[in-house]
There are 2 protein chains.
Amino acid sequence: MMHISTKGEYGVRVMIDLARYYNKKLRSLTDISQDEGLPVQYLEQLIKKLRDADLVMSARGAHGGYQLSRPPEEIRMSEVLSVLEGALAPYACLSVNGAEAACGWDKLGSCSTRSLWARLQDAIISTLESITLNELVDTAPHTPIRMPEQQQNIKIQL
Amino acid sequence: MMHISTKGEYGVRVMIDLARYYNKKLRSLTDISQDEGLPVQYLEQLIKKLRDADLVMSARGAHGGYQLSRPPEEIRMSEVLSVLEGALAPYACLSVNGAEAACGWDKLGSCSTRSLWARLQDAIISTLESITLNELVDTAPHTPIRMPEQQQNIKIQL
DNA sequence: ATTAATTCTGAGTGAGTTACTCGGATTAAG
DNA sequence: CTTAATCCGAGTAACTCACTCAGAATTAAT
């Protein structure tokens with residue numbers, strides 16, 4: 001029911017790749033794309049978000065590329081994913097700063113589902129905050145691969 | 001980033017409504033629709049899933065309607081939401097019976113993001129399993145309302 | 001200087017999903 | 001027989017996703 005889009009999936013893979021080369025050398029998108037098996041031009045879009053959020057730094061021109069702007073152990077998955085998937089709660093029910101306006105139902109005094117989504121959100125956020133980039137690097141042996149067949153969303157089964 | 005669609009949101013609201021009338025009387029969709037402020041014909045689709053999953057029972061004809069097939073305290077939100085949102089993990093990375101085939105990357109020996117999604121899934125499932133219908137009924141005072149403005153997805157902010 | 005390698009940027013696109021609506025068939029109560 | 005309800009399948013406008021395309025800007029190496 002809940003799914004991570006390829007933005008999140010690919011973006012995390014890019015971050016893991018960059019973590020492997022942290023403090024070693026710059027990584028170009030074509031290199032990342034080949035080693036991780038992901039479409040370059042799509043990655044350009046994703047990494048722009050990561051750069052805007054100051055999670056990665058870039059160097060332009062020949063022999064340019066990207067690198068993490070912080071050590072992997074200081075990068076939490078909550079940050080990475082909220083940047084990639086574009087977090088924002090249009091329904092103020094779930095806005096983080098509770099001061100925001102209420103949703104349509106809430107204004108009328110009874111938002112029966114609010115506590116449900118709130119607890120779900122808490123669970124998601126706290127687990128993602130508890131996982132840092134270096135944990136993922138450690139568990140994954142690095143063997144460059146080719147791209148699998150056409151991608152789709154990754155659905156999380158309940 | 002992760003969002004609950006109106007299927008999940010509306011479906012939960014319907015279940016809460018039915019829980020309020022559990023063992024009292026049948027509830028017709030038009031009644032539910034008016035009291036909860038939701039489009040009838042859309043609810044027809046949703047409640048079909050709930051019935052197929054044996055979460056609710058129906059009676060046809062005049063004075064027909066729906067009722068829960070189990071007491072609210074025996075209905076977990078994990079059940080309700082998986083029925084409504086249609087759970088299935090196309091990427092076997094996340095299939096519940098671990099015996100399934102691996103995803104494209106996994107076959108090649110390195111699925112670096114697997115442990116991340118697995119931990120996220122665990123968190124989501126366990127929180128939803130821990131919440132039963134009657135909890136939501138208790139916290140929400142019942143005041144029939146009209147439909148708010150046009151609905152959209154409910155996004156969960158990170 | 002020129003070329004090649006790279007980041008950057010904006011626009012476009014085909015396929016799929018979402019959130020519904022429409023039209024009607026079936027069933028049962030009064 | 002009429003009315004109230006569940007059932008069922010199809011259709012649709014708007015949106016999102018997962019990309020691609022085309023090209024401008026920047027820099028290193030030759």
Side-chain angles (χ1 to χ4, degrees), chain A residues 1-11 13-14 18 25-34 36-52 56-67 69 84-86 88 90-91 104 147-155, chain B residues 1-11 13-14 18 25-34 37-52 56-67 69 84-88 90-91 104 147-155:
Chain A
M1 55 152 292
M2 318 198 73
H3 61 281
I4 297 287
S5 69
T6 54
K7 285 178 205 162
E9 168 79 10
Y10 293 180
R13 284 182 191 277
V14 167
L18 290 178
K25 63 176 184 180
L26 291 180
R27 286 283 280 168
S28 76
L29 270 195
T30 48
D31 284 353
I32 297 178
S33 150
Q34 285 183 352
E36 304 296 329
L38 302 171
V40 205
Q41 293 177 298
Y42 192 35
L43 291 191
E44 287 185 349
Q45 290 179 20
L46 304 187
I47 209 159
K48 180 182 194 308
K49 297 184 181 183
L50 295 172
R51 196 202 44 193
D52 289 348
V56 307
M57 294 184 315
S58 62
R60 302 184 66 168
H63 294 120
Y66 297 89
Q67 64 184 128
S69 27
L84 289 166
E85 301 268 349
L88 252 193
Y91 275 38
M147 182 156 21
E149 67 286 356
Q150 181 75 5
Q151 291 310 117
Q152 289 181 3
N153 284 340
I154 288 147
K155 311 242 165 125
Chain B
M1 55 151 293
M2 316 197 74
H3 61 283
I4 297 287
S5 69
T6 54
K7 285 179 207 161
E9 168 78 10
Y10 294 179
R13 283 182 191 278
V14 167
L18 290 178
K25 63 177 185 181
L26 291 180
R27 286 283 280 168
S28 75
L29 271 195
T30 49
D31 284 352
I32 297 178
S33 149
Q34 286 183 352
L38 302 171
V40 206
Q41 294 176 298
Y42 191 35
L43 291 191
E44 286 185 351
Q45 290 179 19
L46 304 186
I47 209 158
K48 182 182 192 308
K49 296 185 181 181
L50 295 171
R51 197 202 42 194
D52 289 348
V56 308
M57 295 184 315
S58 63
R60 302 184 65 169
H63 295 121
Y66 297 90
Q67 65 185 127
S69 27
L84 290 165
E85 301 268 349
L88 255 192
Y91 274 38
M147 179 154 25
E149 65 285 359
Q150 180 73 6
Q151 291 311 119
Q152 289 181 3
N153 283 341
I154 289 148
K155 311 242 165 125

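Letters A, B, ... mirror the listed sequences (proteins, then strands); counts begin at 1.
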Self-check item: Whole-Å gap separating C1' (C:dT7) and CZ (A:Arg51)
Solution: 8 Å
Quiz prompt | Minimum-distance nucleotide (side-chain atoms of B:Lys7 versus C:dT18, D:dT6, C:dT21) | solution = C:dT18
Exercise. Compare the minimum distances between each of D:dC19, D:dT6, C:dC20 and the side chain of B:Tyr10, then state the nucleotide with the smallest one.
Key: C:dC20
Quiz item: Per the atom types in the model, does the base of D:dA5 pair as donor or acceptor with the side chain of B:Arg60 at under 3.5 Å?
Solution: no
Practice problem: Describe the nucleic acid contact of A:Ile47 in one word from base, sugar-phosphate, nothing, applying a heavy-atom distance below 4.0 Å. | Solution: nothing
Quiz item: The side chain of B:Ala62 lies closest to which of these nucleotides: D:dC7, D:dC17, C:dA28?
Solution: C:dA28
Quiz item: Roughly how far apart are A:Ser33 OG and A:Arg13 CZ, rounded to 0.5 Å?
Solution: 13.0 Å
Considering only distance and modelled atom types, tabulate donor-acceptor pairs under 3.5 Å from the side chains of residues 37-52 of chain A, sequence neighbours left out.
{"residue": "A:Tyr42", "atom": "OH", "partner": "A:Thr6", "partner atom": "OG1", "Å": "3.0"}
{"residue": "A:Lys48", "atom": "NZ", "partner": "A:Asp52", "partner atom": "OD2", "Å": "3.2"}
{"residue": "A:Lys49", "atom": "NZ", "partner": "A:Leu84", "partner atom": "O", "Å": "3.4"}

Practice problem: Give the nucleotide from the list D:dT20, C:dA4, C:dT7 with an atom nearest to the side chain of A:Ser58. | Solution: C:dT7
Quiz item: Rounded to the nearest Å, what distance is computed from the CD atom of residue A:Glu44 to the P atom of nucleotide D:dA25?
Solution: 16 Å
Exercise. Send over the distance from A:Leu43 CG to C:dT6 P, rounded to a whole Å.
Key: 15 Å
Quiz item: So, does A:Glu85 use its side chain to make a donor-acceptor pair with the main chain of A:Ser5 at under 3.5 Å?
Solution: yes
Practice problem: For A:Tyr42 and for B:Gln45, locate the closest nucleotide of DNA chain D by heavy-atom distance; then report the residue assigned to the nucleotide nearer the 5' terminus. | Solution: B:Gln45
Self-check item: Interatomic distance where CD belongs to A:Gln41 and P belongs to C:dT7 [whole Å]
Solution: 12 Å
Quiz item: Can you tell if the side chain of A:Tyr66 reaches within under 4.5 Å of the side chain of A:Leu26, non-hydrogen atoms only?
Solution: no
Quiz item: Closer to the 5' end of DNA chain D via nearest nucleotide, is it B:Asp52 or B:Gly61?
Solution: B:Gly61
Quiz prompt | Candidate nucleotides C:dG30, D:dA25, C:dT9, ranked by approach to the side chain of B:His63 - the nearest | solution = C:dG30
